[in-house]
Amino acid sequence: MLFRSPWEQIDQTGGGAVAGIDSATGRELPYRAWIYRDGWQRVGQRHWSFWVQDSWRRGQLTINAGLRVDRQDDTARPVRIPANPVLPDLLPSVSFPGADSGVVFSDFSPRLGITWDPVGSGRTIVRASAARYWGVGIDTASRLQPTGQTLLSYGWNDANGDLRVQGPELDLVTPIGSSSNYVAASPGTVRSYARVDPGLQNDLTDEVTVSLDRQIARRVTLGVSYVARKYHQFQETYRVNPDGSWIGSDTFALVTWTPNPANCPPGARCPTVTYYARDTRLPSETILRNSGSYKWHHSIDRSEERRVGKECRSR
């Protein structure tokens, strides 16, 4: 079975700009403008599935077995975004050729279940099962697509008083800020700081279940079951150096901070604090990879089933 799940998202700011006006003093005071180039993200996803199962019964023993095979892939599709109407020179049109992380999830999910009637009366049933479940969905390509909205921010004076942002009214000499996908040296391109580990694996759940059902009366059945699940191969995003290498602990230096005794209230404890900090900010580059962490789930469930109504017997 083949599933295709393409999606796209278009983000647009009317007029290509947002005006910042301070009215706290009782009059409109223009002070800042946010200039946006449209954002357009297109991702294609494909999911192939195949499964087979069968059941065997011999005497008081029944065995159920199955196998499911899944293959999941995604790609970031090409897009072309028009120039911003307010600052077409600084926010010109951009073309993104598309991207592929190279990661494909090819997963095999075996399942086995055993049902045993030890007495043969149908009053006592023992069940046991083991199964593996993989995550549904893949999200690697969208991280490589830097075509979300691009933002530039400048001081704005609204020289003509129409409360509409126009290019000549912006202080382009001292920009206030920009979004991370903006490349000042090449405004007609966009960039992504994200990477994806080529060895990334799908998240995984392994489950084992054991249960016992016992009919204690004509219409009453009691049951107890134990379930153990292990969730692992989680995916996390980590900061890395621009060359893709890991950020070592040696880039953090020990800092000691001693509070001013004059600022410590009577009876309070104001000890010296030590912590670690970097001399420079962490890089913007990130990588998506498996974290190596896991967690367990254990549970015991009890159940009681009562059948109501009258039985009809024919003579």
Side-chain angles (χ1 to χ4, degrees), residues 39 41 43 45 72-76 94 96-107 132-153 174-206 229-260 263-264 269-297:
Q41 295 175 291
V43 174
Q45 296 182 350
Q72 301 179 79
D73 187 17
D74 65 343
T75 56
V94 295
F96 174 66
D100 192 333
S101 67
V103 174
V104 179
F105 293 155
S106 298
D107 304 322
R132 168 163 285 189
Y133 306 95
W134 297 88
V136 177
I138 181 171
D139 180 24
T140 61
S142 63
R143 300 170 183 269
L144 306 178
Q145 192 168 47
T147 51
Q149 280 193 302
T150 305
L151 167 66
L152 295 179
S153 181
T174 54
I176 297 176
S178 63
S179 56
S180 61
N181 64 340
Y182 183 68
V183 183
S186 179
T189 62
V190 286
R191 66 171 299 178
S192 171
Y193 290 93
R195 304 167 185 253
V196 178
D197 182 359
L200 183 72
Q201 298 293 317
N202 198 2
D203 56 280
L204 179 60
T205 301
D206 290 318
R229 295 192 189 99
K230 182 182 179 181
Y231 304 94
H232 50 125
Q233 293 192 178
F234 298 114
Q235 301 170 10
E236 299 289 347
T237 299
Y238 298 89
R239 293 285 184 94
V240 292
N241 291 310
D243 61 357
S245 61
W246 301 114
I247 299 175
S249 59
D250 56 349
T251 62
F252 293 81
L254 181 65
V255 179
T256 301
W257 177 77
T258 302
N260 186 344
N263 296 329
C264 188
R269 294 180 63 250
C270 301
T272 298
V273 178
T274 58
Y275 62 95
Y276 289 85
R278 286 170 54 98
D279 294 333
T280 59
R281 295 179 59 184
L282 284 170
S284 300
E285 283 77 8
T286 64
I287 187 170
L288 176 68
R289 68 174 182 89
N290 295 110
S291 65
S293 60
Y294 63 89
K295 64 179 180 179
W296 280 95
H297 164 85

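Between D206 and the options R229, K230, R132, K295, a salt bridge (Lys or Arg N to Asp or Glu O under 4.0 Å) holds for only R132.
With rounding to the nearest 0.5 angstrom, the OH atom of Y275 is 9.5 Å from the CG atom of L254. To the nearest 0.5 Å, the span separating OH on Y294 from NE2 on H232 amounts to 10.5 Å. Rounding to the nearest 0.5 Å places CG of L288 at 8.5 Å from OG of S101. The CG atom of D203 sits 11.0 Å away from atom OH of Y231, with the distance rounded to the nearest 0.5 Å.
Under the 4.5 Å side-chain criterion, counting only non-hydrogen atoms from C-beta, E285 is in contact with P242. Looking at heavy atoms from C-beta onward, L152 lies out of side-chain contact with P175 at the 4.5 angstrom threshold. A 4.5 Å side-chain heavy-atom check between Y238 and S291 finds at least one atom pair inside the cut-off. R143 has its side chain within reach of T237: a pair of non-hydrogen atoms, C-beta onward, lies under 4.5 Å apart. Looking at heavy atoms from C-beta onward, N241 lies in side-chain contact with I247 at the 4.5 angstrom threshold. Here the side chains of T272 and W257 are not in contact, with every heavy-atom distance at 4.5 Å or above. Looking at N290 and Q235, their side chains come closer than 4.5 Å, going by heavy atoms from C-beta outward.
Judged by distance alone, with hydrogens and angles left aside, the side-chain atoms of S192 form no donor-acceptor pair with the main-chain N or O of P146 at under 3.5 Å. For Q149 (side chain) and S179 (main-chain N/O), no donor-acceptor pair under 3.5 Å exists by modelled atom type. The backbone N or O of T140 lies less than 3.5 Å from a partner atom in the side chain of D74, making a donor-acceptor pair. In this structure, the side chain of N181 does not engage the main chain of V190 through any donor-acceptor pair within 3.5 Å. No donor-acceptor pair closer than 3.5 Å links the side chain of S186 to the backbone N or O of V183. In this structure, the side chain of Q41 does not engage the main chain of G148 through any donor-acceptor pair within 3.5 Å.
Summarising the geometry of L200 relative to V103, their closest heavy-atom pair is O-CG1, 3.8 Å, with the distance given to 0.1 Å. Between A99 and L144, the shortest heavy-atom distance links the atoms CB-CB, 4.1 Å. Between V255 and A277 the shortest heavy-atom distance is CG2-CB, 4.2 Å. Y193 approaches S284 most closely through the heavy-atom pair CB-O, 3.4 Å. Pairing each heavy atom of F96 with each of A76, the nearest pair is CE2-CB, 4.1 Å. Contact between V43 and A141 at its shortest, heavy atoms only, is CG1-CB, 4.5 Å.
Residue D279 qualifies as open at atom CG: its count of foreign heavy atoms under 6.0 Å is 12 or below. Counting non-hydrogen atoms of other residues, nucleotides and ligands closer than 6.0 Å to CZ of F252 gives a total above 12.
Counting only N and O atoms by type, the side chains of D100 and T75 include no donor and acceptor under 3.5 Å apart.
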